[in-house]
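These numbers come from a predicted model, not from an experiment. In what follows, chains are A, B, ... by sequence order, proteins preceding strands, each numbered from 1. Heavy-atom basis, side chains included; hydrogens, waters and symmetry copies ignored.
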Amino acid sequence: MNQNYYSIGGCLGPDAQTYVKRQADDEFYNYLKSGEYCYVLNSRQMGKSSLLIRTKNQLKQNGFLCVDVDISAIGTMVTSEQWYFSIAKNIVRRLKLPNFDLDTWWSDLSRVESGPSVYSSQHLLSQFFEKVVLDLTQQPIIIFFDEIDSTLSLNFKVYDFFGLLRHCYNQRAEHPKYNRLTFALLGVTTPSDLIQDKCLPPLNVGREIRLTGFQIEEAKPLLPGLSTEEHTARVLLRQVLIWTGGQPFLTQKVCKLIASTQTEVSQGDEESWVKYLIEKEIIEKWRVNDEPIHLRTIDERLAAKEKDRVYLLGLYQEILQKGSIEFDGSLDEHIRLRLSGLVIEEKGKLKVYNPIYKKVFSLNWVKDELLKLRPPSYIEVIEAWESTKDKSYLLRNKELQKVWEWAAGKNLTKIDYDFLSASQQAENQKARSRSKQIRNIGFASLNIALMILAGFFLGRLSEKEALVKRNISFGDKILDKKLENTNNLEGAEAFKEKKYKKAISNFERSLKSQPNDPETRIYRNNAKFSNGKSYTIAVSVPLGTDRKTSLETLRGVAQAQNEVNDRGGIKGIPLKVLIANDSFDDASQQNFAVEIAEEFVKKSEILGVIGNSDSDATLRTAKFFKTKNLISISPTSTSTSLTNFSPYFFRTVPNDNVAAEKLANYVKSKAWSKPAVVYNSGNSYSNSFMKSFVKSLQNQVPQQCRFDLNKNEFDAAEIVKKMRDDCNAQAIMFVPNSVRELNNMLQIAQAASSSVKKLPLLGGDVMYSPKILEVGGKTTDGMVLALAWDIDTYPQSSFVKESRKLWRADVNWVTAMAYDAAQALIKAIRIQKIPTRQGMPQALLNQNSIALGASGLPISFSLSGDRIDPPIQLVQIQCQTSSCDFKPLKP
Amino acid sequence: LFETLKVLQQEVTTMHSKPNKPSSVRLSDEGRKIADQKRREKGFNRQDVRWYTKAHTTVPTLKRFWAYNIRLDNFEALCEVIGVDWQTVVDWSSIIDLPLDILNPIDPLELESNFYINRPQEDECYKLIKSESIKSQLESNFHINSSQENECDKSIKDQSILIRIKAPQKMGKTSFLTRVLSCADKSSYLNCRLDFSSIQIDVRSNLRSLLFWFCTEVTNEIGIAIEPLEEYWSKKISSQLGAELDWCTDYFERYLLHSLKSPLVLGLDEVDSIFPQNENDEKANEVAANFMTMLRSWYQWGQEEENWRKLIVLISHSKKDYPNLNVNNSPFNVGHAIELKPFSQIQIAELVKRYQLNFSSEEIQHLFNYFGGQPYLSHRAIYEIKAKKVSLVQMLQEAPTEGGLFGDLLRSLLSTLDEHDTLKSEFIKVLQTSLAIQIESKEAFQLYSMGLVKYLGNDILLSGEIYRQYFCNRFRIES
């Protein structure tokens, strides 16, 4: 026997005798051979690198050019320019192109390229693939990017890189030479970690190769080193595989161990011999004998995110106790546990990989580890409670308080939460029964008791604070009373008690009956990930005064949240949304939006705010946020006063100038001289819109053509008469201040249409309302409006498809702009290594990485807070026999 | 002062004239720079064959010339060849008039010394290096008798060679490494030892300077011209193309390995000392991690590229855990690990015998327990007994004191413990018992790498009584 027959750690060379060929070998080889992109993303020490070397060798023998680039070897202390160059450099080094000097080629090309564009390195690399890799070779080429997960440690993002790989794939249709170029990605990560940008999914054109453990019939190459007796070797190998579950590293290690003992085992003793060796050499002293490091890496991976360790350990404990649990691919913790290599997924269940792990990472080990993590006073009682469910073990008063403090911000096991909430419940009950007793004593003391209790439960909230608390929710209450039903109310109750599973099922039931309820959808999303770390944003909407716009806004946010969390969250961390109602139909609460804003600032986990709805509220909150360095993005405030208002304010909707200009250009294109403008000088929106419109028409709107509803007694017929006689108008532009003024506008339109010559109508975005179709009917036929977005322009876009599926109805521009706002925030969170409030403005402005909006165009902001290239388009009211609708106006 | 120097100089010269009692000297820091400058002017590399033959001496002497005491006559001769007055470059405080044989017994380069105790792991190293030469089809006269050789060669034929020598501090890693390198030297291998613990802090906290230092040292050590490196590097800096790790890798591949006729054995001593003392120093950690990643990638290159198999890397390190390093991108979980163990009682007895000391077996036992067989401590103590002609009891009485032989070492251990509260409290647990106990695994590893404890299964135990005496006193606890 020869122990050097086996090799552990690192990788096996292409001719190594002990290489075990698996199903994945053929898959990988055949897919690559047929030109399909592949990715091998797996836990450590599963034979990834050995597979790579093998496959490469095989492909080489079949006439392929193979290049592998170890991404980690480029290091992390590089700029993106250096990184892209190094990728090319490593490829050249492997390709061994004669007479080709990359340094010169690259520098020459970068000098020719226009300016220091942010995309230039990526562009150069793309040129490199085309002009060097493809043009200087004839054979088919396969490029392997190994250790791809090290891209996550870089201090810049490499979406463009993945986008480039995708681009090469897309080129195949037009440029057949790209069929010669195939990529494979290998690493220890999940696809969602790697590519968080939904718009650049190179992996969805590739094949996933799954590495499994060694099967007995595959593992034959391991036999010769075990024993000179073939039969003995076979029995030994079978025993080894039982212990290791076929885990490649452990299997090689145990085989080496057996070989190194130089002992010939006699028949019949194989089982006990293997057991003895494994227990003595691997399990007993696992911390010391773990060479090369394997078991300790698993331990470390569980601790990778310190605050999740308790939760992961609890999850693992459950697997140990039950034998297996249902695998849920949407849960980050399940994926992480699987990536640690400790458990594997088999037929939809997670189970411990093998008996060695079971012995090393035993229930006792879990217990010891938890011991180190839980506060000492708490350990004994939780165990006693768990086995007896005896209420006397529940925590009280200060002890409970202390444990809650410890639990804050941590991700704990189910048992922890059950225990804590049971304790809390008992504590609350006690308080209630105490108050009952007190009530009998007398009215005066009851009042005092209630005050004490109120102080105890609400933390002595002032009335104002209480009002704020009642109007914000993560899911513990339903803010929009009209959406309430038994299911979502029960869900909210469960949410309050941190019974998230129950909350989810209740919310989902509610969504079945009320699919277009965005509030419940957001709460359901929040509940789904409430056990772990999350990134939080807030959305502030005027449910009290403009419910319609509020729900439309929430739909956009809910849809974005849905999408990002379905894709595994932002870098694996889910997005949570706090909803706030910021308005009442009550003049005394005018400043309520700012009070809500104050609450947002206090909640330090909130990274950004979507809101507010109308320009006046937004101006007030933006002024406040400016002093507190919290960003807000408004989806609907169009007032030009908000441009350049604060470095912390942004908006996705184009400002009034943009809409006014668009309409003015339309008027010009139709060569209508002197359009009449109906507006309200008392309203900032109406006034500023009118001014921009007039300005865009080079002031060709004389005073007699401007009709200020604020000045005159309203008389529709009189206005129309003046339009004809004094102004000689060829078109009418309506700029009402709000929906309430629609009626006046409609009367004017009515009067105008009943005259001999029907004047063309134009309108500001307030006119974009179902009401105008209902009430106005044919009088408004042909009216042209300028909008940020219209559903019929992008019927095929993924946003529209998704929105129809989600809401079972069509959405409008408000939803689209809210969606854009949420996408912008998500992007800003994602591109920061550690997302902070301070980093948000910079990250939003960063154009190296873009978020795509509802219309499929990038969302980017200028320093003024306005959008660069804001989306704007014209729609027209078009009436068929019985009904009218907004239709995009074809240019 | 000048007068004193003159007198000293006189004395040195007189000593020199007595062949039985040769003096030894070494270069001063300033002198090293002058010598380096002068040999460049001559076109010599640091171990140039022309240089040492002209001076009628040998490679090991020339190597030692740069850092250690060598015999004065050799020193003079070497200086003369490069046209330097030896008196201008000598470190006057280094003059030692002890018999050369027991001069600085811990000197790692004192390989021919009678006092070097063979470590069983050496053969393993030679075998690994040897297998390398076969697969790269290079001529070699390196030979080790081994019945298993052929089998062995076959199985590791396709691998690049990386040998990790891991052991706690003061376990003789440096001597071991140097010994292995020098043996390889004899048999037409190029070899080069770099001491990472000597790198200045500003060099190791900057990736570019660290890489340049690394390239420069290797180039100088193996004796090829330095100018191409300097030219290459400044070109890279001005173009800024590619990652800095690539610059280094590229230089090794195109300039060093490509032209080598024989394999290069690269000994990187105490490579882990580039990790910062302060675990939270992110920048320095990143520099170290990047460097390690590069070494790992070289190993991977060797799996497939003939050229890279000319490179045999030996690294010595004392830590087991590198919290800020992704172990899968590091050289620490590939290649062959060789763990140095403390001296056994038999080896201690052997050492005592070589110093011609007459110890009873109880005394040997006592000595062994007291220092736990730690090579540096044991050897130093025995040397002291011989040189100062003190008794074992006397020596052991003074050993655990501040002013004693190991004062500096103990103080530096103490300050490390004082800086880390948990480490200290866990260590106190160990001090308080004579049994093997379990403590936090992270702290256990750290104490182990400091040489304070040894493992017994998963449990740990104090490694030598000297520590109990010193630290119990310092921490004011009952032992």
Using non-hydrogen atoms only, which part of [X] is less than 4.5 Å away from chain A: side chain, backbone, both, or neither?
{"X": "B:Lys283", "result": "both"}
{"X": "B:Arg254", "result": "side chain"}
{"X": "B:Leu207", "result": "side chain"}
{"X": "B:Asp459", "result": "neither"}

What part of [X] lies closer than 4.5 angstrom to a heavy atom of chain B: side chain, backbone, both or neither?
{"X": "A:Asp146", "result": "neither"}
{"X": "A:Ser72", "result": "both"}
{"X": "A:Glu147", "result": "side chain"}
{"X": "A:Trp106", "result": "side chain"}
{"X": "A:Lys96", "result": "side chain"}

With B:Pro342, which residues qualify under side-chain contact (heavy atoms from CB on, under 4.5 Å), at least two apart? B:Met171
So with a 6.0 Å cut-off around [atom1] of [X], is the heavy-atom count from everything else above 12?
{"X": "A:Lys367", "atom1": "NZ", "answer": "no"}
{"X": "B:Ile237", "atom1": "CD1", "answer": "yes"}
{"X": "A:Glu279", "atom1": "CD", "answer": "yes"}
{"X": "A:Lys833", "atom1": "NZ", "answer": "yes"}
{"X": "A:Phe100", "atom1": "CZ", "answer": "yes"}

Go through it in stages, so that I can follow the logic: the residues are A:Lys89 and B:Trp247, the test is side chain to side chain contact (heavy atoms under 4.5 Å, CB included), and I'd like the CA-CA distance, side-chain angles, deciding distance and then a yes or no. CA-CA 10 Å; A:Lys89 183 83 186 177; B:Trp247 303 357; over 6 Å; no
Can you list the residues that meet the side chain to side chain donor-acceptor pair (under 3.5 Å) rule with B:Glu286, with sequence neighbours excluded?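 Residues passing side chain to side chain donor-acceptor pair (under 3.5 Å) with B:Glu286: A:Thr76.
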Can you give me the closest heavy-atom contact between A:Ala73 and B:Leu245, atom names plus distance?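 In this case the closest contact between A:Ala73 and B:Leu245 is O-CD1, 3.3 Å.
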Does any N or O in the side chain of A:Gln82 come within less than 3.5 Å of the main-chain N or O of B:Ala243, such that one atom is a donor and the other an acceptor? no
Please report the interatomic distance CD1(A:Ile74) to CD(B:Glu244), rounded to the nearest 0.5 Å.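 CD of B:Glu244 is found 13.0 Å from CD1 of A:Ile74.
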Just how far is it from atom CZ of A:Phe249 to atom CG of B:Asn333, taken to the nearest 0.5 Å?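 So the gap between those two atoms works out to 7.5 Å.
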Are A:Asp103 and B:Lys236 close enough that some pair of their side-chain heavy atoms sits under 4.5 Å apart?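 They are in side-chain contact.
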If the threshold is 4.0 Å, N to carboxylate O, is there a salt bridge linking B:Glu305 and A:Arg93?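 No, B:Glu305 and A:Arg93 are not salt-bridged.
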Are B:Ser297 and A:Asp70 close enough that a side-chain donor and a side-chain acceptor fall under 3.5 Å?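 No - no donor-acceptor pair under 3.5 Å links their side chains.
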